[in-house]
S.K.: 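Take this structure first; my questions come after.
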Amino acid sequence: MSAVASAPGKVILVGEHFVVENEPAIAVAINLRARVRATKVEGEGVEVRSRELGLAQVFRGDEPRSSPLYPVYFAAKVTMENIGVESPLRVEVFSDIPPASGMGSSAAVAVATVAAVAKALRVKLVEDEISRLAYRAEEIVHGKPSGIDNTISTYGGAIAYRKTEGFLRLEADFSPVRLVLADSGLPRSTGEMVARVRRLKAKYPRVFEPLYHAAGRLAIEAGKAIEAGNFRALGELMNVNHGLLSAIGVSNEVLERLVYRAREAGALGAKITGAGGGGFIVALCEKGSEERVAKALREVSSRVFVVDVSGEGVRYEE
Ligand code: PMV
């Protein structure tokens, strides 16, 4: 028995980092997806294969967690434990989402793995369970993630997310805009960036508190702008959000250059997306202006993607 599931990557439009301390953030699913095929096999263990990484490994439970394929194995394992059915498996991963980009590739792979493994073992999980089990696999990769990635990848569309309250779906029509993402080319670790922000915040709590409060207000305003289809306001708020991210120490010269280039080329707004320190920036563009923005960014970035917001979360495929 074999089953295929897919799940989308994401872009955080506002609120990354602040979301870790329970401020609201807004994320959207995008039209780049991870696909996972899970197949019941003879033999033992869980064989994980990744087309993009060109790697394959059989896991039996005592392997070091350092393998890049370990989180996929772990997602399969927690799923089997949860549904109470164990079987030797082959899990194959195919993903359009660039890894370590802030576009939620690990969460999308985890979400698709949970759904595919359960279905291959003839159990249909509801979205809530898929998201929760994917979160457990995300903990292996990121330490203590906020949970925004597995949530948006499971449900799709646009969500406002708050750690202690879960998420709210935003009624949004993103058809007038596209997102342009550009890579700084600098590697970054989400865990390290989160720890770095924590240290600075602990050192200057009275300075950071109003910044966090402002970021929370900003996310609420951004949510209203999205629901009203006011993308000009959303762009402005994304610019302000970028300023707050610079203030808490996650920007650098390369990211600033990309952000300003996107704005000068006509983006409605541009900011770091995700953990910062490296990774990608996102530019919100009115349809028709995205190519101009992408062209300007390609002059200074080796990887530029133009993507659309996608309503679709996790789904089973034939
Ligand atoms: O860059 P990413 O996609 O790993 O996003 C990190 C987002 C943070 O808010 C910095 C961390 C989190 O767990 O939400």
Side-chain angles (χ1 to χ4, degrees), residues 7-30 32-34 68 71 95-111 131-132 134-155 159-167 179 181-201 208 211-212 215-216 218-219 222 238 241-242 244-252 254-255 258-259 271-282 303 305 307:
K10 66 94 195 8
V11 170
I12 299 181
L13 287 184
V14 299
E16 52 275 87
H17 282 291
F18 305 103
V19 70
V20 174
E21 304 289 341
N22 208 31
E23 296 297 341
I26 294 176
V28 292
I30 56 175
L32 299 177
R33 300 180 72 86
S95 178
D96 316 327
I97 310 162
S101 62
M103 282 188 243
S105 100
S106 67
V109 169
V111 166
S131 180
R132 191 172 52 77
Y135 179 81
R136 304 240 341 249
E138 282 282 278
E139 279 181 310
I140 292 283
V141 191
H142 293 308
K144 267 251 153 285
S146 62
I148 194 169
D149 280 26
N150 50 287
T151 304
I152 187 64
S153 184
T154 302
Y155 290 93
I159 61 165
Y161 178 86
R162 190 166 193 166
K163 228 163 132 176
T164 54
E165 286 166 32
F167 74 98
L179 301 175
L181 292 127
D183 191 358
S184 65
L186 303 170
R188 61 106 179 83
S189 142
T190 297
E192 266 168 42
M193 293 312 291
V194 169
R196 176 145 38 127
V197 171
R198 278 236 171 89
R199 281 198 296 276
L200 202 58
K201 184 167 185 280
F208 270 59
L211 295 177
Y212 275 64
L218 188 149
M238 286 169 67
N241 192 167
H242 179 76
L244 293 173
L245 288 168
S246 296
I248 64 169
V250 302
S251 191
N252 57 37
V254 180
L255 290 165
L258 292 172
V259 161
K271 63 182 274 292
I272 288 169
T273 183
F280 280 69
I281 65 117
V282 59
R303 283 200 301 170
F305 297 86
V307 303

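Indexing begins at 1, ligand by ligand and atom by atom, following the structure's order. Just the heavy atoms: all of them, side chains too, but no hydrogens, waters or symmetry mates, feed the values below. Because the structure is a prediction, the values reported are computed rather than measured.
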S.K.: Give the intermediate values and the outcome of side-chain contact (heavy atoms from CB on, under 4.5 Å) for residues E21 and K163.
M.R.: CA-CA 8 Å; E21 304 289 341; K163 228 163 132 176; over 6 Å; no
S.K.: Evaluating non-hydrogen atoms only, which member of M193, R188, E16 is closest to atom 1 (O) of ligand 1?
M.R.: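 Closest candidate by heavy-atom distance is R188.
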S.K.: For atom 9 (O) of ligand 1, what's the nearest protein heavy-atom neighbour? Residue, atom name and distance, please.
M.R.: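 Closest protein heavy atom to atom 9 (O) of ligand 1: H17 N, 2.9 Å.
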S.K.: Specify the protein heavy atom at minimum distance from atom 3 (O) of ligand 1: its residue, its atom name, and the distance to 0.1 Å.
M.R.: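 The protein heavy atom lying closest is K10 NZ, 2.7 Å.
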S.K.: At under 4.0 Å between heavy atoms, is it the side chain or the backbone of D149 that contacts ligand 1, or both, or neither?
M.R.: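 Within the 4.0 Å criterion, D149 contacts ligand 1 through side-chain atoms alone.
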S.K.: Looking only at the aromatic ring of each residue, does the gap between the centers of F18 and Y212 stay below 6.0 angstrom?
M.R.: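 That pair passes the under 6.0 Å test.
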S.K.: Out of all atoms in ligand 1, which are within 4.0 Å of some heavy atom of G102? Include the element for each.
M.R.: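 In order of number, 1 (O), 2 (P), 3 (O).
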S.K.: Could you list which atoms of ligand 1 come closer than 4.0 Å to a heavy atom of V19?
M.R.: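 Taking each heavy atom of V19 in turn, ligand 1 has 9 (O), 14 (O) under 4.0 Å.
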S.K.: Under 6.0 Å from the CZ atom of R162, do we count more than 12 heavy atoms belonging to anything else shown?
M.R.: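 It does: R162 CZ has more than 12 such atoms within range.
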S.K.: Flag T273 as yes when one of its N or O atoms lies below 3.5 Å from any N or O atom of ligand 1, and as no otherwise.
M.R.: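 N/O-N/O distance under 3.5 Å: no.
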S.K.: List every atom of ligand 1 that sits less than 4.0 Å from any heavy atom of P145, numbering the atoms from 1 in the order shown and giving each element.
M.R.: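 Here the atoms of ligand 1 in question are 13 (O).
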S.K.: Could you find the nearest protein heavy atom to atom 7 (C) of ligand 1 and give me its residue, atom name and distance?
M.R.: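 I find the closest protein heavy atom is I12 CD1, 3.8 Å.
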S.K.: State the OH-CG distance between Y161 and N150, to the nearest 0.5 angstrom.
M.R.: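 Output value for this atom pair is 6.5 Å.
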S.K.: For ligand 1, which atoms sit closer than 4.0 Å to a heavy atom of T190?
M.R.: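 Atoms satisfying the 4.0 Å criterion: 1 (O), 2 (P), 4 (O), 6 (C).
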S.K.: Between V19 and S146, is there a side-chain heavy-atom distance shorter than 4.5 Å?
M.R.: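 Answer yes - side chains close enough.
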S.K.: How long is the span from the CD1 atom in I12 to the CG atom in L245, to the nearest 0.5 Å?
M.R.: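 Here the rounded value is 9.5 Å.
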S.K.: Would you check the N or O atoms of A275, main chain and side chain alike, for any that come under 3.5 Å of an N or O of ligand 1?
M.R.: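 In this structure, A275 places an N or O atom under 3.5 Å from an N or O of ligand 1.
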S.K.: Would you say M103 contacts ligand 1, with heavy atoms under 4.0 Å as the rule?
M.R.: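 No.
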S.K.: Output the distance between atom CG (L258) and atom NZ (K271), rounded to the nearest 0.5 Å.
M.R.: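 Spacing of CG (L258) from NZ (K271) equals 13.5 Å.
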S.K.: Report yes if the side chains of I272 and S251 come closer than 4.5 Å at any heavy-atom pair, otherwise no.
M.R.: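 I272 reaches S251 side chain to side chain.
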S.K.: I need the nearest protein heavy-atom contact for atom 5 (O) of ligand 1: residue, atom name and distance, please.
M.R.: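 That would be G274 CA, 3.6 Å.
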S.K.: What is the nearest protein non-hydrogen atom to atom 11 (C) of ligand 1, stated with its residue, atom name and distance?
M.R.: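 Among all protein heavy atoms, the one nearest atom 11 (C) of ligand 1 is V20 CG2, 3.8 Å.
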S.K.: How long is the span from the CG atom in N241 to the CD atom in E16, to the nearest 0.5 Å?
M.R.: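 Going from the CG atom of N241 to the CD atom of E16 covers 5.5 Å.
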S.K.: Go through ligand 1 atom by atom and flag the ones less than 4.0 Å from a non-hydrogen atom of S146.
M.R.: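 Atoms satisfying the 4.0 Å criterion: 12 (C), 13 (O), 14 (O).
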S.K.: Parallel, tilted or perpendicular: which fits the ring planes of F305 and F280, with parallel below 30° and perpendicular above 60°?
M.R.: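 Geometry flag for F280 against F305: tilted rings.
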